[in-house]
Amino acid sequence: MLEELEKIEHGALETLSRVGDDAALEAWRVTTLGRSSPLMQVFDRLGSLAKEERPLIGRRANEVKRNLESRLAELSEALRTQALARALQTERLDITLPGRSLAPGRLHPSTQILRRIYAIFAEMGFQVYRSREVESDENNFELLNMPQHHPARDMWDTFHTLAPGVLLRTHTSPGQILVMREQAPNPIRVILPGMCYRYEQISARKEIQFNQVEGLAVGENITFGDLKGTLTDFARRMFTPDVRTRFRASHFPFTEPSAEMDIECFLCQGKGCNVCSGTGWLEILGCGMVHPTVLRNGGYDPERFTGYAFGMGPERIAMLRYRIDDIRYFWANDIRFLEQF
Ligand code: FA5
């Protein structure tokens with residue numbers, strides 16, 4: 001039996017010397033130290049040995065078992081160290097490489113332009129006033145001097161809701177009524193920014209949703225000259241100090257007289273090109289003196305008070321400032337467009 005143990009130990013150590021990876025080591029463990037291995041069978045047979053033989057063989061069998069177990073542990077540790085060294089070699093990390101910087105978010109170009117508009121008008125003493133995007137037909141049209149079936153309503157193709165008389169505002173002008181009714185008879189100088197909606201054919205210059213910034217000033221001595229001065233100054237601050245502007249007679253039912261303001265085309269410097277349709281000018285807003293009926297609807301006596309109002313499109317202004325040739329980029333959520341601002 002002692003001889004058999006020598007053979008088992010010798011044979012096991014011999015096979016172990018050829019083991020080179022974890023899988024082979026596990027196979028070696030099963031055949032050498034597993035439940036049905038020759039070594040374990042020696043333990044099973046101990047009971048059938050002569051009494052005096054038993055301690056000697058038992059001790060020797062335990063020695064062989066401990067020896068093999070410690071060799072197993074040594075080799076297992078050695079294989080682990082080798083694997084780690086290999087990984088360190090092949091998966092080497094270059095800690096001197098510069099890190100990848102995170103791309104920070106930016107403000108949408110419309111928000112940037114809106115903030116610039118607020119800053120310019122704030123310097124001129126205008127307060128920002130917000131009003132709702134879902135409006136009544138009464139505020140959006142009737143109180144602005146456009147009763148039912150008034151032909152001028154065609155200028156604002158409207159998204160109606162299922163509730164009768166409730167619509168998505170087509171412009172920020174209904175805000176004029178809300179501010180006047182809140183402030184009458186105090187003087188007013190406010191701007192009203194916000195999203196507007198129109199049921200129209202989308203094109204390079206027209207979206208179905210866009211921002212507007214309405215302006216309203218009401219007081220006892222306000223003239224068309226104040227309107228021209230304010231808007232000309234605005235254009236100089238928004239574009240360049242030498243930008244050329246012009247006022248063209250126009251028509252809006254809620255202002256009288258009414259006008260539109262153009263700035264000289266930035267591309268052709270007034271010579272005429274396809275951006276300005278050959279005119280040399282680009283329209284940026286509608287404006288005029290608040291119509292007496294609208295003043296009265298807002299709670300102001302038109303015999304005593306006058307006022308001016310204007311409405312501009314920030315996306316159109318951004319298009320001019322940044323030379324963007326299509327308004328559809330604004331809401332297309334294309335990161336290549338947005339990250340340029
Ligand atoms: C109006 O909406 C008037 N409420 C403006 C006004 C206010 C006049 C106060 C007098 C007194 P208009 O439809 O022209 O007017 O629109 C004003 C501006 O909004 C335009 O100059 C343009 O810059 C912008 N705008 C109008 N329609 C669109 C559209 N579909 N897409 C993008 N911008 C638009």
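The shown structure was predicted, so the numbers you read here are calculated from the model rather than taken from an experiment. As the structure lists them, so they are numbered: ligands from 1, and atoms in each ligand from 1. Atoms considered below: every heavy atom in the structure, side chains included; atoms not considered: hydrogens, waters and symmetry mates.
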- request: Please name all residues satisfying side-chain hydrogen bond (donor to acceptor under 3.5 Å, both in side chains) with N67, sequence neighbours left out, ordered by chain then number.
  value: E9
N or O pair under 3.5 Å between E260 and ligand 1: no
message: What I want to know is whether G313 and ligand 1 share at least one N or O pair that is separated by under 3.5 angstrom.
response: yes
query: Any idea which part of E214 is under 4.0 Å from ligand 1, heavy-atom wise: side chain, backbone, both or neither?
result: side chain
task: May I ask you to check if ligand 1 and T170 share an N or O to N or O distance below 3.5 Å?
output: no
message: Under 6.0 Å between ring centres: does that hold for F337 and Y329?
response: yes
task: Measure the distance from atom 31 (N) of ligand 1 to every protein heavy atom, then report the residue, atom name and distance (to 0.1 Å) of the closest one.
output: E207 N, 3.1 Å
field: Side chain, backbone, both or neither: I284 near ligand 1, heavy atoms under 4.0 Å
entry: backbone
field: Top protein contact for atom 5 (C) of ligand 1, by heavy-atom distance
entry: G311 CA, 3.9 Å
field: Heavy atom of the protein closest to atom 30 (N) of ligand 1 (residue, atom name, distance)
entry: E200 OE2, 2.4 Å
task: Quick one: look at K206 and ligand 1, take heavy-atom pairs under 4.0 Å, and tell me if it's side chain, backbone, both or neither.
output: both
query: N/O to N/O below 3.5 Å, does that happen between E283 and ligand 1?
result: yes
message: Side chain, backbone, both or neither: which applies to M155 and ligand 1 if a contact is any heavy-atom pair less than 4.0 Å apart?
response: neither
statement: If you scan protein heavy atoms around atom 16 (O) of ligand 1, the nearest is Q212 NE2, 3.2 Å
- prompt: How does C287 reach ligand 1, if at all, at less than 4.0 Å between non-hydrogen atoms: by side chain, backbone, both, or neither?
  reply: backbone
- prompt: Any idea which part of F310 is under 4.0 Å from ligand 1, heavy-atom wise: side chain, backbone, both or neither?
  reply: backbone
message: Test your reading of the structure: does Q176 have an N or O sitting under 3.5 Å from an N or O of ligand 1?
response: no
query: Does Y308 reach ligand 1, in the sense of a heavy atom lying below 4.0 Å from it?
result: no
field: Shortest protein contact, atom 22 (C) of ligand 1 (heavy atom only)
entry: R316 NH1, 3.3 Å
Distance-only N or O hit between ligand 1 and W156, under 3.5 Å: yes
- line: For atom 15 (O) of ligand 1, the closest protein heavy atom turns out to be F252 CE2, 3.5 Å
- prompt: Looking at F254, which atoms of ligand 1 are within less than 4.0 Å of one of its heavy atoms?
  reply: 3 (C), 4 (N), 6 (C), 7 (C), 8 (C), 9 (C), 10 (C), 11 (C)
message: Quick check on the 6.0 Å ring-centre criterion: do H171 and F254 meet it?
response: yes
message: Students should be able to answer this: which protein heavy-atom is nearest to atom 27 (N) of ligand 1, and at what distance?
response: R198 NH1, 3.3 Å
message: Quick test: of every protein heavy atom, which one is nearest to atom 25 (N) of ligand 1, and how far off is it to 0.1 Å?
response: F210 CE1, 3.6 Å
task: Would you please determine whether S258 falls within less than 4.0 Å of ligand 1 on a heavy-atom basis?
output: no
message: When you compare ligand 1 with T255, is there at least one nitrogen or oxygen pair between them that comes in under 3.5 angstrom?
response: no
